[in-house]
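Numbers here simply count residues along the sequence, with the first being 1.
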Amino acid sequence: MVKEFGWKELRVKILNTGDLVYLPSHFILTKVNDDGSISEYCELKEPYVALLLRRYQTHSDLFYRGSIWTAPNDMLRNYAVKGKENVSHTN
């Protein structure tokens, strides 16, 4: 998806299941109970690349160090391999 705003061009990639997402240091991941309350949280000490497992309207489930964590969608950024822009493989 490409949007043009006058002299600027903004490239936005919609994240999908299976995409890699970049998590900067000090990013906070949470684990949520069935009733919506937070049961556990984790603040990253260093940058990390996680796998997006499932995307909801406001948040996504990520696979981080062996378990499933939750993060808000508006904070997630696609991880692009050097030399490639917004890489997503489905095969």
Colleague: Any heavy-atom pair between the side chains of L15 and N78 that's under 4.5 Å?
Modeller: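 The answer is yes, as the side chains (C-beta and beyond) meet within the 4.5 Å cut-off.
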
Colleague: Does a sphere of radius 6.0 Å around OH in Y41 hold more than 12 heavy atoms from other residues, nucleotides or ligands, not counting ones at 6.0 Å or beyond?
Modeller: no

Colleague: Calculate, to the nearest 0.5 Å, the distance between atoms OG1 and CZ belonging to T17 and R55 respectively.
Modeller: 9.0 Å

Colleague: Evaluate the side-chain proximity of L76 to L52: yes if any heavy-atom separation is below 4.5 Å, no if none is.
Modeller: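 L52 reaches L76 side chain to side chain.
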
Colleague: Drop me the distance from W69's CH2 to L53's CG, to the nearest 0.5 angstrom.
Modeller: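 The CG atom of L53 is 13.5 Å from CH2 of W69, to the nearest 0.5 Å.
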
Colleague: Are I38 and K31 close enough that some pair of their side-chain heavy atoms sits under 4.5 Å apart?
Modeller: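 No, side chains not in contact.
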
Colleague: If you compare all heavy atoms of A71 against all heavy atoms of L29, which two are closest, and at what distance to 0.1 Å?
Modeller: CB-CD2, 3.9 Å

Colleague: Calculate, to the nearest 0.5 Å, the distance between atoms CE and NE2 belonging to M75 and H59 respectively.
Modeller: 15.5 Å

Colleague: Can you give me the closest heavy-atom contact between F63 and A50, atom names plus distance?
Modeller: O-CB, 3.5 Å

Colleague: For D35, enumerate each residue passing the side chain to side chain donor-acceptor pair (under 3.5 Å) test, keeping only those at least two apart in sequence or located in another chain.
Modeller: S37

Colleague: Would you find a donor on one side and an acceptor on the other, under 3.5 Å apart, between the side chain of N73 and the backbone of Y56?
Modeller: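 Checked: pair present.
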
Colleague: Which heavy atom in V32 sits nearest to a heavy atom in T30, and how many Å separate them?
Modeller: CG2-OG1, 4.0 Å

Colleague: I need the R77 CZ to D19 CG distance, nearest 0.5 Å.
Modeller: 14.0 Å

Colleague: Scan V49, L62, I28 and name whichever one has a side-chain contact (heavy atoms from CB on, under 4.5 Å) with L23.
Modeller: L62

Colleague: Between atom CZ of F27 and atom CD of E46, what is the distance when rounded to the nearest 0.5 Å?
Modeller: 15.0 Å

Colleague: Taking it one step at a time, do L51 and Y64 satisfy side chain to side chain contact (heavy atoms under 4.5 Å, CB included)?
Modeller: CA-CA 7 Å; L51 179 67; Y64 171 74; over 6 Å; no

Colleague: Ignoring hydrogens and geometry, is there a side-chain-to-backbone donor-acceptor pair from S25 to P47 under 3.5 Å?
Modeller: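 Checking the backbone N and O of P47 against the side chain of S25, no donor-acceptor pair under 3.5 Å is found.
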
Colleague: Using 0.5 Å steps for rounding, measure from the CG atom of D61 to the CD1 atom of I68.
Modeller: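 One gets 6.0 Å once the value is rounded to the nearest 0.5 Å.
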
